[in-house]
**Student:** 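Please find one structure pasted underneath; my questions will follow.
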Amino acid sequence: MENMINTEALIIEAIAAREKAVAPYSNYRVGAALQTSDGTIIHGCNIESKAYPTTLCAERVAIFSAISSGHSRFTAMALVTEDGAMPCGSCRQIMYEFLGDVPIIVSDIHQNYQELTISELLPHPFGK
Ligand code: THU
């Protein structure tokens, strides 16, 4: 039961995560909701720094937060931006390494979404 994915509910969690974004420089807010295999939902948001490159993306905040809270198995991730933009390359690598080939739901704030796999997002990953 915990492994079931309610896509709309996960998008609503990512919309709530996006509300927590700290993006005073780009004004571009990103929310992520990561579902673990026990049904826990972990939020992530982008957090920008005065030293711009030290900014963290929402996806990696969610993944690293989940791992540091003891989670290691995941079933889906939803991402929300204003315009439904795709995740950056660095986040795709981290998704590939830590999530496995789970569905990635990429949505805009009106819940127009598409569902992709990590294989589609990162077809030739680096992994030694
Ligand atoms: N950002 C994310 O949170 N995830 C991505 O996959 C791409 C970009 C953030 C970083 C920065 O705070 C803002 O979006 C604009 O690039």
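Atoms within a ligand are numbered from 1 in the order they appear, just like the ligands themselves. By convention here, the first residue in the shown sequence is residue 1.
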**Student:** Give me the residue, atom name and distance of the protein heavy atom closest to atom 9 (C) of ligand 1.
**Tutor:** Asn46 ND2, 3.7 Å
**Student:** Which of the atoms of ligand 1 are close to Cys88, meaning less than 4.0 Å from one of its heavy atoms?
**Tutor:** 5 (C), 6 (O), 7 (C)
**Student:** Could you check atom 3 (O) of ligand 1 against the protein and tell me its nearest heavy-atom contact, residue, atom and distance included?
**Tutor:** Ala58 N, 2.9 Å
**Student:** Say whether, by atom type as modelled, one donor and one acceptor occur between the side chain of Glu97 and the main chain of Ile94 under 3.5 angstrom.
**Tutor:** no
**Student:** For Pro87, take its heavy atoms, then give the atoms of ligand 1 lying under 4.0 Å from any of them.
**Tutor:** 6 (O)
**Student:** How are the rings of Phe64 and Phe98 set relative to one another: parallel (under 30°), tilted (30 to 60°) or perpendicular (over 60°)?
**Tutor:** perpendicular
**Student:** Do Arg29 side-chain atoms and Glu19 backbone N/O form a donor-acceptor pair below 3.5 Å?
**Tutor:** yes
**Student:** Counting only N and O atoms by type, is there a donor-acceptor contact under 3.5 Å from the side chain of Ser49 to the main-chain atoms of Tyr52?
**Tutor:** no
**Student:** What protein heavy atom lies closest to atom 1 (N) of ligand 1? Include the residue and the distance to one decimal.
**Tutor:** Cys57 SG, 3.6 Å
**Student:** Looking only at protein heavy atoms, which one is nearest to atom 12 (O) of ligand 1, and what is the separation?
**Tutor:** Glu48 OE2, 2.5 Å
**Student:** Take atom 14 (O) of ligand 1 and look for protein heavy atoms under 4.0 Å from it; say yes if you find one, no if not.
**Tutor:** yes
**Student:** Any donor and acceptor pair, going by atom type alone, linking the side chain of Asn46 with main-chain N or O of Ala23 inside 3.5 Å?
**Tutor:** no
**Student:** Is it the case that ligand 1 has an N or O less than 3.5 angstrom from some N or O of Leu56?
**Tutor:** no
**Student:** Identify, by atom number and element, the atoms of ligand 1 in contact range of Ser26, meaning under 4.0 Å from any of its heavy atoms.
**Tutor:** 13 (C), 15 (C)
**Student:** Determine the minimum heavy-atom distance between Thr36 and Thr75, stating which atoms define it.
**Tutor:** O-OG1, 3.6 Å
**Student:** Taking Ser26's backbone N and O only, do any of them form a donor-acceptor pair with Glu48's side chain (distance below 3.5 Å, no angle check)?
**Tutor:** yes
**Student:** Heavy-atom contacts with Glu59 under 4.0 Å: which atoms of ligand 1 show up? List them by number with element.
**Tutor:** 2 (C), 3 (O), 4 (N), 5 (C), 6 (O)
